[in-house]
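Each remark here refers to the structure printed beneath this line.
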Amino acid sequence: MAENLITLGILFLIAYVLGRLARRVGLPAIPVYMVVGLLASPHTHAFPLDFEAADVQLIAVFGLLLLLFSLGLEFDQEEFFGSFNRLLISGGSYVAINLGAGIAFGFWVGWGTREALIIAGMTATSSSAIVTKLLIELRRLTNDETPMILGVTVIEDIFIAIYLAIVSAALSHATGFWPIALRLVIDFVFIVVMFSIARWGGRIVSRLLQTKDDELFTVLFFGLAVVFGGIGELIGVTDAIGAFLIGVVLGATRYHGRIERVTVPLRDIFAAFFFLNFGLDLDIAKFPQVTWVVIAAVVLTMLLNFGASQLIAWLNKLDFTAGVNTYVILQNRGEFVLILATLAVGAGLDARLSPFAGLYVLIMAILGPLMAANSDRFNAWLRRSRQKRAAKRAVKRPPAGSQVDGEITNSRHPQLDPAIEAAMESDARKQPDDL
């Protein structure tokens, strides 16, 4: 026990040092914890440490539960139900574009049908934790595009709950149409019931939570998160969604602020265990097997997100700059990818999904915050590129109303085509001097 405690303490001290360095360049904590776990992994031998993922597995589960519990706690029901149509169009378009391309990409990889379902989920949604943290740290909560970004994350949260229910049914050992259909019905009934309680039962739940003792209050909500995580696992929607749904319910009570105040420190420390644990399970020697697939996934994600972000900005009547700001924030990928990878490993799917998820999250969780922190420069570069392209198109067209060889052009640009100018100069040289 002493050796394990010292080892774990050293890992967290290393995470602290690397985290301080990462903060200076605008990186979030998620890739830092994963890198520390990867370096301390028994597969890597970068440190003289002997520590297995199984040693912190239960604590890592608590981290996963509190991550999703906190996500549910921050779910804005009033925003969701009050602007349902607008959110559904914006967020639904964003998720549909990424999910559709992700499914095609998953089948293109050729690892299997269920593996394609996992890969599609990994590429479909952004990391709500990283998105929220970036908006706060970059002081963009008052930006024009921020309500739209938060609306998209709300739709993504709903999508995650539904998608995990579908994935858990697909990964179960049930065979045949009716057993799988029955499981999906049970999953959706559970989700609908929990959302209904959150929507209309907030006052009743508030009465059940009455206590002035902060210690007992913390024990109560932590126990509820763990219990509903177990219920979710039992009925097949996964422990993460069980915790998310009880978070949605408790977030609808008048104790929302109090729960959030005591949840955040617990979430941060237990989430560190979750990401550290995932890094401990990674084998860096397997990264070459998935390097080109990950690079293709990163390029696909960045290209699709740019188009999807400009689309939802246009749908919300925002300009190109707002679309770019949306793009650099929403392209982050994080905890949901790792949750899907954990489910895939537990279900015995293709072993390459784990290193794929790890490398994909590492790259996206580094690129995304760096681009978000430098979005002003990125916007300026894009504007210059657009202006240069427009100038080149203008040079290739003659001005409107100009007469060339007896014909009047219809171009609106003020400059003649260079080839036309050269021909006119040649004709002029051929004329007599007195003319």
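With sequence neighbours left out, the ring-ring contact (aromatic ring centres under 6.0 Å, His included) criterion links F12 to F273. With sequence neighbours left out, the ring-ring contact (aromatic ring centres under 6.0 Å, His included) criterion links F274 to no other residue. Every ring-ring contact (aromatic ring centres under 6.0 Å, His included) that Y327 has, sequence neighbours left out, goes to F306. Legend: residues meeting side chain to side chain contact (heavy atoms under 4.5 Å, CB included) with S354, ordered by chain and number and at least two apart, are F278, L282, V345.
Side-chain contact between I329 and N325 is absent, with no heavy atoms from C-beta onward closer than 4.5 Å. Looking only at side-chain heavy atoms (C-beta outward), I246 and V227 stay at 4.5 Å or farther from each other. No side-chain heavy atom of V248 sits less than 4.5 Å from a side-chain heavy atom of M194. In this structure, the side chains of I339 and L67 stay at 4.5 Å or more apart for every pair of heavy atoms.
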**Request:** Would you check, one step at a time, whether the test side-chain contact (heavy atoms from CB on, under 4.5 Å) holds for M302 with M371?
**Result:** CA-CA 11 Å; M302 295 182 71; M371 293 181 67; 3.7 Å; yes
**Request:** Dump the intermediate steps for side-chain contact (heavy atoms from CB on, under 4.5 Å) on L220 and L224, then the final yes or no.
**Result:** CA-CA 6 Å; L220 172 63; L224 286 172; 4.3 Å; yes
**Message:** What verdict does the side-chain contact (heavy atoms from CB on, under 4.5 Å) test give for F222 and L66, after you've listed the backbone C-alpha separation in whole Å, the side-chain angles of each residue and the deciding distance to 0.1 Å?
**Reply:** CA-CA 8 Å; F222 183 80; L66 285 176; 4.0 Å; yes
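Among L266, L73, L209, the one residue that satisfies the side-chain contact (heavy atoms from CB on, under 4.5 Å) test with F221 is L266.
Using a 30° and 60° split on the angle between ring planes, F270 and F62 fall in the perpendicular class, above 60°.
Under a 3.5 Å cut-off, the side chain of R333 and the backbone N or O of L330 do form a donor-acceptor pair.
Evaluation of the ring-ring contact (aromatic ring centres under 6.0 Å, His included) test over residues 89-108, restricted to residues two or more places apart or in two chains, returns F105-W108.
Aromatic rings of F228 and F69 (six-membered ring for Trp) have centroids beyond the 6.0 Å cut-off, not under it.
One finds a salt bridge joining D214 and R258 here, because a Lys/Arg side-chain nitrogen approaches an Asp/Glu carboxylate oxygen to under 4.0 Å.
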Which donor-acceptor pairs under 3.5 Å do side chains of residues 286-301 form with protein atoms, sequence neighbours excluded?
residue, atom, partner, partner atom, Å
T291, OG1, F287, O, 2.7
T301, OG1, A297, O, 2.7
T301, OG1, Y360, OH, 2.8

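Residue L216 places its CG atom among more than 12 non-hydrogen atoms of other residues, nucleotides or ligands, all under 6.0 Å distant.
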